[in-house]
Number of protein chains: 2
Amino acid sequence: MTIGEIAKLAGVAKSTVSRYLNGGSVGERTKIKIERVIKETGYVPNTFARSLKAKKTNIIGTIVPRLNSYATSQTLIGIDEQLREQNYQLLISNTSQDIKREIESIYTLANQKIAGIILLATRLTDEHFEAFQKIDVPVLLVGQQDPRCYSLIHNDEEAGYELGRYIIGQGHRKIAYLGVTEEDIAVGVKRKLGFKKAISHESDCEVTYFETSFNLKEAIKKFPEIYVTYKPSIIVCATDNIALGVLKAAQMEGLHVPEDLSITGFGGYEVTEITHPSITTAKFNYKEAGVLAAKNIVKLVNNEEIEKITVSNFDMIIRESVDKLN
Amino acid sequence: MTIGEIAKLAGVAKSTVSRYLNGGSVGERTKIKIERVIKETGYVPNTFARSLKAKKTNIIGTIVPRLNSYATSQTLIGIDEQLREQNYQLLISNTSQDIKREIESIYTLANQKIAGIILLATRLTDEHFEAFQKIDVPVLLVGQQDPRCYSLIHNDEEAGYELGRYIIGQGHRKIAYLGVTEEDIAVGVKRKLGFKKAISHESDCEVTYFETSFNLKEAIKKFPEIYVTYKPSIIVCATDNIALGVLKAAQMEGLHVPEDLSITGFGGYEVTEITHPSITTAKFNYKEAGVLAAKNIVKLVNNEEIEKITVSNFDMIIRESVDKLN
DNA sequence: CTGAAAGCGCTTACAG
DNA sequence: CTGAAAGCGCTTACAG
């Protein structure tokens with residue numbers, strides 16, 4: 001089925017059918033004729049021909065560092081849902097945490113004439129910004145921010161602050177903060193920053209900062225060093241994954257959480273609810289963030305104005321892993 | 001940059017450049033000229049024009065019921081990796097467990113002239129097969145099988161059998177099997193079937209079969225009914241998710257796993273390793289299955305022969321959640 | 001091995 | 001409101 005055949009069957013010109021399809025001005029009677037033929041034949045326009053001419057598509061490319069992460073999948077679900085609603089299509093490009101492939105993807109997507117790019121960002125390099133500039137496609141960063149880009153971020157700093165206030169309120173005064181590299185602004189810097197602010201009000205509070213990777217198993221290995229040498233009443237972990245590792249390590253040591261040691265995370269991953277004890281965490285609403293991201297990129301694609309930075313919120317989820325001290 | 005400009009710069013005809021691009025016969029000297037110009041200009045062919053003419057793409061569409069599942073993401077990672085290697089592109093279509101959207105996706109993908117479809121199947125209906133027949137695109141089922149289709153399945157029955165033998169070997173004789181609907185052939189029927197075979201050798205073995213959904217929280221709710229009324233020494237759960245729910249429920253009741261109650265799952269989800277106790281399970285190799293699926297669909301696309309059914313294997317992962325009874 | 005020409009299915013000025 | 005024609009960037013017989 002081509003537009004030509006439809007035209008013939010409806011007794012009009014191809015251009016008229018095209019106009020009908022694209023909401024141009026078509027007479028009432030012609031409209032009805034065309035409508036009928038299209039319905040009868042089940043005609044669907046050829047996307048390639050369309051894109052070839054229009055030189056753009058209604059596809060939004062989303063670059064993700066990894067597929068097997070709660071944050072990623074929830075965000076993608078939100079993006080997908082919203083994009084579908086606005087008649088855009090989602091194309092997912094997975095880079096397996098390879099920063100080179102991330103850069104490549106930017107160019108490849110641009111080359112495929114996708115309408116816009118959403119980048120679930122981790123670490124941003126100069127090459128990223130060079131790519132953004134070279135391609136003529138709107139880009140939205142998710143999870144990290146930079147003055148050179150539009151971005152949607154989670155409220156990491158505020159989350160760090162509230163979580164800090166909460167554990168202070170529970171009486172904790174000897175704290176281990178298990179963070180990640182400061183190369184990751186959102187997770188490594190912002191969360192810690194907020195947390196520091198929260199405890200800066202207390203004079204009798206002792207905090208030692210440790211660092212690990214995002215890897216759960218590495219957190220398990222790191223545990224003895226923190227616990228044995230420092231003996232904190234609580235370990236504040238920069239991600240739920242790390243918290244999960246610490247919990248596992250503590251339990252392998254025969255410790256009772258939270259009686260012997262309290263633990264908190266950040267993220268709100270589903271599993272934190274079903275561990276025993278369940279983990280107190282600052283939950284980011286990834287799916288909603290995905291919806292916002294989709295709305296924003298579509299606006300950018302259509303040259304509408306948006307804020308340089310959109311902030312998606314979080315909820316403190318109080319559960320069982322933090323002990324109330326006297 | 002178009003092929004025309006390249007042709008002009010290289011002093012040859014468009015058709016020659018096209019031939020060069022597609023590996024046709026081109027003289028050595030012409031080849032060098034074209035090569036240089038392409039390198040200098042950074043020319044990349046327009047995908048749409050290409051697909052418009054060739055009437056097909058190198059895109060493999062993968063339809064998934066949900067994005068936020070371990071099995072899905074691992075499978076996708078495997079598919080993506082392999083497809084990339086063979087110069088195909090992956091397009092993911094998420095249906096949010098809506099069977100209507102699943103059918104729609106089949107048609108939509110076909111309409112987009114994708115080369116082949118991989119369907120991570122759950123429940124298969126007549127409409128599915130009708131769609132497969134109507135579209136002229138090769139389809140590969142993953143996770144379920146049907147005589148009307150090529151498929152790649154996990155060795156569910158064998159996994160059920162081995163797991164059954166294992167717990168028998170550990171001395172369990174009063175068993176609760178917590179399964180799912182038989183509408184799901186792989187999970188609901190095959191795993192149970194294998195399990196039944198395993199225990200059929202024992203004369204002194206008592207098994208009661210229960211049913212729940214795939215939902216973790218529902219498994220939690222279901223727990224009292226099973227435990228209180230039947231008091232098994234072990235609950236064999238048809239999925240890791242269900243096992244996770246049962247574990248959580250047992251721990252909320254103050255039970256010790258495995259001393260008071262043993263638990264097993266199927267799947268090999270990452271979390272089963274970090275719960276306390278870690279869960280004994282039959283681990284399917286989802287990523288490898290994804291790789292196999294990608295290889296198979298590419299073969300189908302290229303009209304190569306493949307087996308009607310490919311079976312991806314599993315490993316029994318013995319961990320802490322099963323007690324050894326005297 | 002190489003080139004001129006037709007055509008893939010659509011959209012978009014341009015006339016009328 | 002409607003139609004004829006050109007053109008988007010490529011590929012593919014067909015000649016040579």
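Note on naming: letters A, B, ... go to the chains in the order of the sequence lines (proteins, then strands), and numbering restarts at 1 for each one.
Under the 4.0 Å criterion applied to side-chain N and carboxylate O atoms, B:Lys100 and B:Glu104 are not assigned as salt-bridge partners.
Within 4.0 Å of B:Ser51, counting heavy atoms only, lies no atom of the nucleic acid at all. As judged by a 4.0 angstrom heavy-atom cut-off over every strand, B:Thr2 is placed among residues touching the sugar-phosphate backbone only. At a threshold of 4.0 angstrom between heavy atoms, the contacts of B:Tyr20 with the nucleic acid are absent. Nucleic acid contact class of B:Lys14 (heavy atoms, under 4.0 Å, all strands): base.
Residue whose closest nucleotide on DNA chain C sits further toward the 5' end, between B:Val12 and A:Asn22: B:Val12. Of the residues near DNA chain D, B:Thr16 and B:Leu52, the one whose nearest nucleotide (by heavy atom distance) lies more toward the 5' end is B:Leu52. Remark on DNA chain C: of its neighbouring residues B:Arg19 and A:Pro45, the 5'-side contact belongs to B:Arg19, judged by nearest-heavy-atom nucleotide.
Counting only Watson-Crick and G-U wobble pairs whose two distances sit under 3.5 Å, DNA chain D takes part in these stems of three or more pairs: C:1-3 with D:14-16, C:5-12 with D:5-12, C:14-16 with D:1-3.
Residue A:Arg50 places at least one side-chain N or O closer than 4.0 Å to OP1 or OP2 of C:dT11. Of the side-chain N and O atoms in B:Thr30, none sit less than 4.0 angstrom from OP1 or OP2 of C:dC1. Residue A:Lys55 has no polar side-chain atom (N or O) positioned under 4.0 Å from OP1 or OP2 of C:dT11.
Rounding to whole angstrom units, CZ of residue B:Phe48 and C1' of D:dC8 are separated by 12 Å. The separation between B:Arg29 atom CZ and C:dT2 atom P is 10 Å, rounded to whole Å. Per the geometry, CG belonging to A:Asn111 stands 13 Å off C1' belonging to D:dG9, to the nearest Å. Atom NZ in A:Lys113 sits about 10 Å away from atom C1' in D:dG9, given to the nearest Å. Atom CD1 of B:Ile38 is separated from atom P of D:dC10 by 10 Å (rounded to the nearest Å). Distance CD1 (B:Ile34) to C1' (C:dG3): 12 Å, rounded to an integer number of Å. The CD atom of A:Glu28 sits 10 Å away from the P atom of D:dT2 (whole-angstrom rounding). A:Lys31 has its NZ atom 9 Å from the P atom of D:dC1, to the nearest Å.
Side chain of B:Ser69 to backbone of B:Ala71: a donor-acceptor contact under 3.5 angstrom is found. The backbone N or O of B:Thr2 lies less than 3.5 Å from a partner atom in the side chain of B:Glu5, making a donor-acceptor pair. Not a single donor-acceptor pair under 3.5 Å links the side chain of A:Asn111 to the backbone N or O of A:Tyr107.
Checking C:dG3, C:dT11, D:dG9 against every side-chain atom of B:Ala13, the shortest atom distance belongs to C:dG3. The side chain of B:Ser15 sits closest to C:dA5 out of C:dA5, D:dG3, C:dG9. The B:Ser25 side chain lies nearest to C:dT2 when the options are C:dT2, C:dC10, D:dT2. Considering only the side chain of A:Lys53, C:dC10 comes nearest among C:dA4, C:dC10, D:dC10.
Distance check, rounded to the nearest 0.5 Å: CD1 of B:Ile185 to OG1 of B:Thr122 gives 11.5 Å. Going from atom CD1 of A:Ile114 over to atom CD1 of A:Ile135 covers 7.0 Å, rounded to the nearest 0.5 Å.
Closest heavy-atom contact between A:Tyr150 and A:Val139: CB-O, 4.0 Å.
Counting only residues at least two apart or in different chains, side chain to side chain donor-acceptor pair (under 3.5 Å) contacts with residues 285-299 of chain A comprise A:Asn296-A:Thr310.
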